[in-house]
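Taking it in order: structure first as structure tokens, then the write-up.
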Amino acid sequence: MKKIEAIIKPFKLDDVKEALQEVGLQGITVTEAKGFGRQKGHTELYRGAEYVVDFLPKVKIELVIEDSMLEQAIEAIKQAAHTGRIGDGKIFILPVEDAIRVRTGETGSDAI
């Protein structure tokens, strides 16, 4: 099993969710996040005063999948989150040793 963590632009969340559902994946966790990479934030004007916004709003998507679905899930996220502009995000893939469904006690891929 693998865990995918994807950091994307907030307005791309619905597109990514739909793309993942189309390839047969269900069950994702979404967290609102703030951060910056190469963008390094931007400058805004508020009531005549200029200030720097260091941390930009992002969305973190997490899902655990079977190894056989990995390439499909990654491709779906890449295509749905892509705008071609700086700050499109990142995808991280991590190994998962085990998963346990609390309600039934199922383990492994049965739990996801």
Side-chain angles (χ1 to χ4, degrees):
M1 292 181 293
K2 300 287 187 213
K3 178 179 183 182
I4 298 175
E5 293 183 0
I7 312 293
I8 62 169
K9 292 182 175 185
F11 68 90
K12 285 297 199 172
L13 177 59
D14 286 336
D15 295 341
V16 170
K17 183 185 80 163
E18 289 172 15
L20 289 171
Q21 287 174 337
E22 284 177 15
V23 296
L25 295 170
Q26 54 186 345
I28 64 172
T29 301
V30 177
T31 309
E32 291 183 18
K34 291 183 181 235
F36 69 89
R38 291 185 184 160
Q39 285 175 290
K40 307 254 190 312
H42 62 275
T43 308
E44 288 189 4
L45 279 175
Y46 179 72
R47 294 189 177 182
E50 190 174 287
Y51 65 99
V52 176
V53 178
D54 289 335
F55 294 100
L56 301 171
K58 301 288 181 182
V59 172
K60 180 179 180 181
I61 299 171
E62 298 174 87
L63 60 150
V64 176
I65 58 172
E66 294 184 42
D67 292 339
S68 61
M69 295 293 293
L70 183 63
E71 291 304 319
Q72 288 177 297
I74 291 170
E75 197 57 38
I77 294 168
K78 278 177 22 182
Q79 288 181 3
H82 180 80
T83 67
R85 295 195 173 112
I86 194 166
D88 272 355
K90 296 269 192 309
I91 301 172
F92 303 101
I93 299 131
L94 304 127
V96 173
E97 288 185 30
D98 203 359
I100 302 163
R101 185 183 311 260
V102 175
R103 180 177 55 87
T104 62
E106 294 170 298
T107 60
S109 57
D110 292 335
I112 57 172

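Under the 4.5 Å side-chain heavy-atom criterion for grouping Ile, Leu, Val, Met, Phe, Trp and Tyr, Leu25 is connected to Ile28 within one hydrophobic cluster. A continuous path of Ile, Leu, Val, Met, Phe, Trp and Tyr side chains, each step under 4.5 Å between heavy atoms, connects Val23 with Ile61, placing both in one hydrophobic cluster. The hydrophobic cluster containing Ile93 also contains Met69, counting ILVMFWY residues as joined when their side-chain heavy atoms lie under 4.5 angstrom apart, directly or transitively. By the rule that hydrophobic residues join a cluster once side-chain heavy atoms approach within less than 4.5 Å of another member, Val30 and Val64 end up as members of separate clusters. Hydrophobic clustering places Leu70 together with Leu63 (ILVMFWY residues linked when any side-chain heavy atoms are closer than 4.5 Å, directly or through intermediates).
Of the possible donor and acceptor atoms, none in the side chain of Asp88 sits under 3.5 Å from a partner among the backbone N and O of His82. The closest donor-acceptor contact from the side chain of Lys9 to the backbone of Thr83 lies at 3.5 Å or more, if one exists at all. In this structure, Arg101 contributes its side chain and Thr107 its backbone to no donor-acceptor pair below 3.5 Å.
Distance check, rounded to the nearest 0.5 Å: CG of Leu20 to CG of Asp15 gives 11.0 Å. Within the model, atoms NZ of Lys58 and CD1 of Ile7 stand 9.0 Å from one another, a figure rounded to the nearest 0.5 Å. Atom CD1 of Ile74 is separated from atom CD of Gln79 by 12.5 Å, given to the nearest 0.5 angstrom. For the atom pair Glu66 CD and Asp110 CG, the distance stands at 8.5 Å (nearest 0.5 Å). For the atom pair NZ (Lys2) and CD (Glu71), the distance works out to 10.5 Å, reported to the nearest 0.5 Å.
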Self-check item: Stepwise side-chain contact (heavy atoms from CB on, under 4.5 Å) test for Lys3 and Glu62
Solution: CA-CA 7 Å; Lys3 178 179 183 182; Glu62 298 174 87; 2.8 Å; yes

Practice problem: Go through the steps for Lys78 and Ile91 under the test side-chain contact (heavy atoms from CB on, under 4.5 Å), then give the verdict. | Solution: CA-CA 8 Å; Lys78 278 177 22 182; Ile91 301 172; 3.7 Å; yes

Quiz item: Ile65 and Ile4: side-chain contact (heavy atoms from CB on, under 4.5 Å), yes or no, with the steps?
Solution: CA-CA 8 Å; Ile65 58 172; Ile4 298 175; 3.6 Å; yes

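The shortest side-chain heavy-atom distance between Glu5 and Leu94 falls under the 4.5 Å cut-off.
Among all heavy-atom pairs drawn from Ile112 and Met1, the shortest one is CD1-SD, 4.0 Å. Here the closest non-hydrogen pair linking Ala19 and Ala80 is CB-CB, 3.8 Å. For the pair Pro57 and Pro10, the tightest heavy-atom approach, listed with the atom from each and the gap, is O-CD, 3.4 Å.
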